[in-house]
Amino acid sequence: MPGWPESLTGGVLDVAPRLLGAVLRHSTADGPVAVRITEVEAYDGPNDPGSHAFRGRTARNAVMFGPPGRLYVYFTYGMHFCANVVVGPEGTPSAVLLRAGEVVEGRELAERRRRTTRDLARGPARLCQALGIDLRHNGLDLADGTLTLGSRPADVSTGPRVGLRLAHDRPWRFWLTGDPTVSKYRPAKRRDPTP
DNA sequence: TGGGCGATTGGCT
DNA sequence: GCCAATCGCCCAC
C-alpha cells in the first residue's frame with residue numbers, strides 16, 4: 001500500500017484520527033478475523049503522563065520506542081490484553097490504542113473467542129480477544145496488509161480518554177461520530193473521594 | 001524484595 | 001451503580 005508506513009510517522013495527534021476506518025486483519029490456524037477501527041486513543045510518549053513510556057524505556061514498553069507500524073501489546077488487570085499501533089519516528093515512543101471496532105470478517109470465529117454474539121470488539125480488551133491477539137503478538141509488523149489504512153474520515157468526534165487517572169483532561173480519544181460500536185466512556189475511579 | 005495499582009470486563013444489586 | 005477477578009509492572013523500602 002503506497003504511503004505506508006510513512007503515513008504513520010507524523011505526530012500522534014494527527015495520525016490517531018487517520019486510523020479510524022482502517023482495517024486490522026489477523027489470521028491464525030483457526031482462520032482470519034478483521035476489524036474496522038472505530039475508536040482510538042493517542043498516547044504521546046514522553047510528554048504524556050498517561051503513557052506507559054512517560055517514565056522512559058522498560059522491558060514492557062520497548063516496542064513503543066521502535067519503528068512505526070508495529071503492534072504494542074500489553075497485559076493488564078491480570079487478565080486482559082490491549083493493542084496499540086506504534087506511530088511517529090523511531091525513538092519517539094508514541095502509540096495509538098485501539099479501543100473499539102467493527103468485525104468485518106470472521107464473525108463466527110470472533111463470536112467463538114468472545115463466547116458471545118454482542119460487543120465483539122467494543123472495548124480494547126474485547127477487540128484483542130476477538131482478533132486472537134495476546135502478548136505473543138507484541139512487536140508484530142503490521143505491514144503487508146495486516147493493517148490497511150483508508151482515507152481520512154470526515155466525521156470524527158473527540159473527548160477525554162477512558163479510565164485514566166493521570167492526564168484525564170486531554171481530549172485525545174477519537175471516534176467515528178455516531179458509530180454504534182464505540183465503547184462507553186468510563187472515568188477512572190478515584191482513590192481519594194474526600195472533597 | 002514487597003505491595004499498590006492498572007489504557008478492563010462482566011456479573012450482580 | 002458497584003465491585004471482584006487476577007497478575008505483571010514498577011518503584012519505594
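Every chain is numbered from 1, with letters handed out A, B, ... down the list of sequences.
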Tell me the interatomic distance from A:F81, atom CZ, to C:dC9, atom C1', rounded to whole angstroms. 14 Å
Nearest-Å distance, CZ (A:R55) to C1' (C:dA12)? 12 Å
Gap between atoms CG and C1', on A:L166 and C:dC11 respectively (whole Å): 15 Å
Counting distance only, does the side-chain N/O of A:N61 pair as donor-acceptor with the main-chain N or O of A:T58 below 3.5 Å? yes
For A:R114 and A:Q129, which I'm curious about, is there any donor-acceptor pair between the side chains at under 3.5 Å? yes
In B/S/- notation (B base, S sugar-phosphate only, - none; protein heavy atoms under 4.0 Å), nucleotides 8-13 of chain B written 5' to 3' is BBB---
Could you state the atom-to-atom distance from NE2 of A:H52 to C1' of C:dG8 in whole Å? 11 Å
How many whole angstroms separate atom CZ of A:F75 from atom C1' of C:dA5? 11 Å
Between A:D169 and A:R161, is there a side-chain N and carboxylate O pair less than 4.0 Å apart? no
Atom pair distance, as rounded to whole Å: CZ in A:R165 and P in C:dC10: 15 Å
Is there a ring-ring contact (aromatic ring centres under 6.0 Å, His included) between A:H52 and A:Y74? Walk through the geometry before answering. CA-CA 10 Å; A:H52 287 173; A:Y74 66 90; 4.6 Å; yes
Gap in Å between the two P atoms, one belonging to C:dT6 and one to B:dG2, rounded: 23 Å
Need one value for A:R60: base, sugar-phosphate or nothing, where a base atom within 4.0 Å counts as base even if backbone is also close, heavy atoms only. sugar-phosphate
Rounded to whole Å, please give me the gap between CZ in A:F54 and C1' in B:dG6. 17 Å
With a 4.0 Å cut-off, would you call A:D179 and A:R36 a salt bridge? yes
Side chains of A:R173 and A:S183: donor-acceptor distance under 3.5 Å anywhere? no
In this structure, how many angstroms lie between the P atom of B:dG6 and the NE2 atom of A:H168, rounded? 12 Å
For C:dA5, what is the paired nucleotide under Watson-Crick or G-U wobble rules, both distances under 3.5 Å? B:dT8
